[in-house]
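What follows is a set of notes on a single structure, which appears directly below.
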Amino acid sequence: MPRHDLQSSDITPESVYVDRRRFLAAAGLAGAGVLAAGTLARAAFAAGRPGQQKSLGTPYGLQPNDTPTPEEDVTSYNNFYEFGTGKDDPAANAQDFKTRPWTVKVEGMVAKPGDYQLEDFLKPSRMEDRIYRMRCVEAWSMVIPWRGIPLADVIKRAQPTSQAKFVEFTTLLDPKRMPGQRYPVLDWPYNEGLRLDEALHPLTLLATGVYGKDLPPQNGAPLRLVVPWKYGFKGIKSIVRIRLTDRMPRTSWALANPGEYGFYANVNPAVDHPRWSQATERRIGSFRRLQTLPFNGYADQVASLYSGMDLVRNY
Ligand SMILES: Nc1nc2c(c(=O)[nH]1)N[C@H]1C(S)=C(S)[C@@H](COP(=O)(O)O)O[C@H]1N2
Ligand SMILES: [Mo]
C-alpha cells in the first residue's frame with residue numbers, strides 16, 4: 001500500500017506509541033513469545049497425532065511447509081486504515097471498538113432484502129474452521145485459521161435476481177468510532193466487490209472468528225470477507241452492507257490508485273506491482289521468503305473462473 005501523509009503518531013497518543021515501541025524493543029522477550037506461539041501452532045496443526053491439542057481447522061490449499069502464523073502476529077500486524085496506517089496501529093487503536101449490536105443490510109438486486117442483526121444473519125450450524133494462506137499486495141503473507149460461514153449461504157438466502165452480476169461490500173462509516181476516517185487517506189467508507197460467481201465460490205468466507213475465537217476488532221470484527229486467492233485488500237473488514245448489483249462496484253483501492261490496484265486483485269506472481277515485484281513474499285512470523293504462487297496456491301479451485309480473461313489487463 002502506498003504511504004500516505006497520515007502518520008501513526010497522528011492518531012495514536014504519543015505515550016502509547018512510544019510505550020509500544022519500547023515494549024517491542026524488548027527483543028529477547030518478544031522473540032521468545034513469537035517462537036513459543038509458533039511451536040504451539042505447529043503442534044496444533046499436526047492433526048491426527050494422538051494426544052495433540054485440538055485442531056485449528058481444516059487446511060485448504062496449504063503447501064508442505066505452511067504452518068499457521070502465530071496468533072500474536074495475526075492479531076498485531078494488520079492493515080485496517082480506519083484505525084491508522086501503521087501495521088501496529090489497528091491493534092492499539094481498535095481495542096475499544098464496539099461491535100454489538102451490529103446490523104448488516106442486504107440490498108439491491110435480491111428478492112429478500114433486509115436489515116439483519118448479526119445473530120440472525122449467520123447460521124452457527126454452518127460455521128467452519130478453515131486454515132487459509134493469505135497474501136497481501138505488499139508482498140507479505142500469513143497462514144490464518146479463520147472461522148466463518150460460506151458467503152454463498154448468505155447470498156443464496158437473499159435470492160439474487162437474474163440481473164445481479166456483482167456483489168458490493170461496504171465497511172461501517174463512523175469517524176467517531178473509526179478515527180482513521182477523520183483523515184482523507186481513502187475515500188471512506190471502505191468499499192469492495194466481487195463478481196457474483198467469485199462471491200458464490202465455496203472458498204469465499206464471511207469470517208467471524210480467527211484462531212477459534214471471535215474476531216478481535218483489528219482483524220475486522222464482527223464480520224469480514226476472506227477470499228484466499230486474492231490480495232488481502234479484497235478482505236473488507238467490519239461489513240455493514242452487502243449489495244447485489246449489475247455494475248462492477250467501485251473499490252477503495254482502485255479509486256485511490258487505479259494504476260496499482262485493480263478490481264480482480266488475483267494473486268499473480270507474473271504481474272509486478274508498479275513499485276515492486278510480486279514474484280516472492282515474506283512470510284510473517286518466520287524468516288522464510290517464499291515464491292508466490294498463481295492464485296496464491298488455489299489455482300486448481302479457482303482458475304476456471306477466469307478462463308478466457310487476460311489476467312494482465314484484468315489485474
Ligand atoms: N475496512 C477495511 N478493510 C480492510 C483494510 C482496510 O484498511 N479497511 N485493509 C485490507 C488489507 S490491505 C489487508 S492485507 C487485510 C488484512 O487483514 P488482517 O489484518 O486480518 O490480516 O484487510 C483488508 N481489509
Ligand atoms: Mo493488504
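Treat the numbers as computed from the prediction; the structure is a model and nothing was measured. Counting starts at 1 for both ligands and their atoms, in listed order. These numbers come from the heavy atoms of this one structure, side chains and all, not from hydrogens, waters or symmetry mates.
Side chain of R195 to backbone of L305: a donor-acceptor contact under 3.5 angstrom is found. A donor-acceptor pair is defined here as one N or O able to donate and one able to accept, closer than 3.5 Å; no such pair exists between the side chain of K165 and the backbone of M248.
Residue I144 has no N or O atom closer than 3.5 Å to an N or O atom of ligand 1. Ligand 1 has no nitrogen or oxygen under 3.5 angstrom from a nitrogen or oxygen of W253. Note: no N/O pair closer than 3.5 Å links Y77 and ligand 1 by distance alone. Residue N219 places at least one N or O, backbone or side chain, under 3.5 Å from an N or O of ligand 1.
Only the side chain of R224 comes within 4.0 Å of ligand 1, counting heavy atoms alone; its backbone N, CA, C and O stay farther away. Looking at E82 against ligand 1, only its side chain comes within 4.0 Å, counting heavy atoms. Residue contacts with ligand 1 for Y190 involve side-chain atoms from C-beta outward but no N, CA, C or O (heavy atoms, distance under 4.0 Å).
The distance from atom CG of L244 to atom OG1 of T161, rounded to the nearest 0.5 Å, is 7.0 Å.
Taking 4.0 Å as the cut-off between side-chain N and carboxylate O, E128 and R130 count as a salt-bridged pair. By the 4.0 Å N-to-carboxylate-O rule, E71 lies close enough to K213 to be salt-bridged with it.
Near T171, meaning under 4.0 Å from one of its heavy atoms, ligand 1 places the atoms 1 (N). Near N78, the atoms of ligand 1 lying under 4.0 angstrom from a non-hydrogen atom of the residue are 18 (P), 19 (O).
Considering only non-hydrogen atoms, atom 22 (O) of ligand 1 lies nearest to K237 out of R135, K237, M178, K234. Nearest to atom 9 (N) of ligand 1 by heavy atom, out of D73, I239, N79, I284, is N79.
For the salt bridge (Lys or Arg N to Asp or Glu O under 4.0 Å) with E192, the qualifying choice from R250, R243, R224, K234 is K234, the only one to do so.
The closest side-chain heavy-atom distance from I144 to V210 is below 4.5 Å.
The aromatic ring centroids of Y261 and W253 lie less than 6.0 Å from each other.
Ligand 1 has no atom lying under 4.0 Å from any heavy atom of G220.
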